[in-house]
Amino acid sequence: MNQTDTPPVLVTGATGRIGRVVIDHLLDAGVPVRALTHRSEAAATLPARVEVFTGDLTVPESLDPALKGAGAVFLVWTAPPQTAEAVVERLAAHVRRIVFLSSPHQTPHPFFQQPNPMAALHADIERLIAATGLESTVIRPGMLASNSLAWWAPAIRAGEVVRWPYGAAETAPVDDRDVAAVAARTLHQDGYVGGDYVLTGPEPLTQAAQVGVIGDVLGRRIAFEEMTPDEFRSLSAGTAPSSVIDMLLAAWSAAVGRPAYVTTAVADLLGTAPGTFHQWVADHATMFTEAPEGS
C-alpha cells in the first residue's frame, strides 16, 4: 500500500515525550502523520513530513481541520475534563480508530488503586470512547522511566543528595519509547481493536534503587536520603495540584513492602524485550548531567 492510500493518523500531544516518538514510528512505517499542537511554532520541532495543525482540546471545533480525512487518532488527554465528551463526539464523526493513552486504574495492585482524579478522568473518557462503537485500543503505561528526570535530575545535576519519600516503594519503570512503539503499532496495524494493555518495564526496582542505577550509569555514587511525606508536600507546593501530590504519596506508601506489578505486554506486542531502566538512563545520561536548554 502506498502512503497516499493510507489515511493519515492524527497525533495529539505531538510534542510530548510519548507523542513525539509515536510520530517517528508511524513515519518509519510509511504512515502519513498529522500533529495537533497548541502553538504553530511547534512545527519547527517536528519532521518536515508531518502535517501540523493548531488546535486545542478545550475548543473541540478547533480539531475539525485536523480530523477531516484522518483515519485514526492517538488521544493524549492534556486538558480539563469539561470538553471530553464533545471532543470524543468529534473524533467519532471523522475517524474509525482511537488509541487512548490511559492509566492502569483498573489494575488490582495497591499502587494503582489510590484515589486519583486523573484516573477518574481516564475512566470517563474510556466510557465515552466505548459508547461510540469505534475501533478502539487502550494502552496503560505504569510509572514512566522519564519521570526520573523531573524528580531527581535537578539534585543529581547539582551534585546534591537525592531526598525523596518512600524510597522502598517498588515500581517497574517502563521505557517511554516502548509505550510509543506499542501506540504506533496499534494505530496502523490490525489485530489490536478492543485491546487493553498495561505496559510496564521488565524489572521491579525501588525508588532508592532507581537512583542507584542512575549513579551506576554516571559512574558516581548518588546519596539517597528518605524524606517525610510532609516535607514532600511542603517542597512540592505550587509544582503540582495537591490532589496529585496526595495521590503519589498514597501510591508510594501502598507500594512499600509489595512486589511491583510487572506485565509482559510490551514483549507480547512488539516481539522484542522491553527496555530496562538502566538502558533508558544510559541513553539519556546527559540529561542527568546537563541542564536543559532554556533553564
Side-chain angles (χ1 to χ4, degrees), residues 103-119 140-176 178-179 198-237 239-266 273-285 287-289:
S103 53
H105 58 83
Q106 299 175 331
T107 301
H109 186 285
F111 181 78
F112 299 115
Q113 290 301 312
Q114 307 311 308
N116 182 347
M118 183 59 70
R140 307 179 186 277
M143 194 60 76
L144 293 170
S146 60
N147 286 338
S148 60
L149 287 172
W151 293 345
W152 305 319
I156 292 169
R157 291 187 203 112
E160 298 171 352
V161 172
V162 171
R163 302 186 70 247
W164 204 251
Y166 298 112
E170 193 174 270
T171 61
V174 60
D175 191 320
D176 307 53
D178 285 335
V179 179
V198 177
L199 310 179
T200 74
E203 56 185 346
L205 291 166
T206 66
Q207 298 198 94
Q210 291 171 44
V211 173
V213 168
I214 297 168
D216 290 343
V217 170
L218 299 183
R220 59 185 171 92
R221 181 180 177 275
I222 300 172
F224 184 95
E225 183 178 296
E226 189 78 15
M227 177 191 291
T228 69
D230 285 342
E231 284 181 291
F232 184 75
R233 282 193 183 92
S234 177
L235 290 171
S236 302
T239 64
S242 59
S243 59
V244 173
I245 301 302
D246 290 342
M247 179 272 294
L248 285 170
L249 288 169
W252 290 327
S253 175
V256 172
R258 297 187 64 104
Y261 189 80
V262 181
T263 75
T264 61
V266 170
T276 64
F277 184 68
H278 186 283
Q279 187 61 56
W280 185 90
V281 174
D283 292 341
H284 298 82
M287 301 179 79
F288 290 97
T289 57

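Owing to the predicted nature of the structure, the values given are computational and were not obtained by experimental measurement. The chain is numbered in sequence order, starting from 1.
Across Val179 and Pro141, no two heavy atoms sit closer than the pair CG2-CB, 3.8 Å. Listed here is the closest heavy atom pair of Pro110 and Arg258: CG-NE, 3.2 Å. The two residues Glu170 and Pro204 come nearest to each other via the heavy atoms OE2-CB, 3.3 Å. In plain terms, the two heavy atoms of Ala145 and Asp176 that are nearest each other are N-OD1, 3.8 Å. Tyr261 and Ala172 make their closest contact through O-CB, 3.9 Å (heavy atoms, listed as atom of the first residue, atom of the second, distance). The two atoms that bring Ala119 and Ser103 nearest to each other are CA-OG, 4.1 Å, heavy atoms only.
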Quick one: side chains of residues 209-228, donor-acceptor pairs under 3.5 Å with protein atoms, not counting sequence neighbours, listed by atom name and distance.
from   : atom 1 : to     : atom 2 : distance (Å)
Gln210 : NE2    : Thr171 : OG1    : 3.1
Gln210 : NE2    : Leu205 : O      : 3.2
Arg220 : NH2    : Ile156 : O      : 3.0
Glu225 : OE2    : Arg163 : NE     : 2.7
Glu226 : OE1    : Gly167 : N      : 3.1
Glu226 : OE2    : Tyr166 : N      : 2.6
Glu226 : OE2    : Gly167 : N      : 3.3
Thr228 : OG1    : Glu231 : N      : 3.1
Thr228 : OG1    : Glu231 : OE1    : 3.3

Could you give the side-chain donor-acceptor pairs of residues 243-253 under 3.5 Å, partners two or more places apart or in another chain?
from   : atom 1 : to     : atom 2 : distance (Å)
Asp246 : OD1    : Arg233 : NE     : 3.0
Trp252 : NE1    : Gln207 : OE1    : 3.4

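Taking 4.5 Å as the limit, some side-chain heavy atom of Arg140 sits within range of a side-chain heavy atom of His105. Between Asp175 and Pro274 the shortest side-chain heavy-atom distance does not fall below 4.5 Å. Side-chain contact between Trp280 and Ser146: present, with at least one pair of heavy atoms (C-beta onward) separated by less than 4.5 Å.
Here the side chain of Gln113 pairs a donor or acceptor atom with the backbone of Thr107 at under 3.5 angstrom. A donor-acceptor pair under 3.5 Å links the side-chain atoms of Thr263 to the main chain of Val198, judged by distance alone. A side-chain donor-acceptor contact under 3.5 Å links Asp178 to the backbone of Gly275.
Phe111 and His109 have perpendicular rings, their planes meeting at more than 60° on a 0 to 90° scale where under 30° would count as parallel.
For the atom pair CG (Leu199) and OG1 (Thr264), the distance works out to 10.5 Å, reported to the nearest 0.5 Å. Rounding to the nearest 0.5 Å places CE of Met143 at 7.5 Å from CZ of Phe112.
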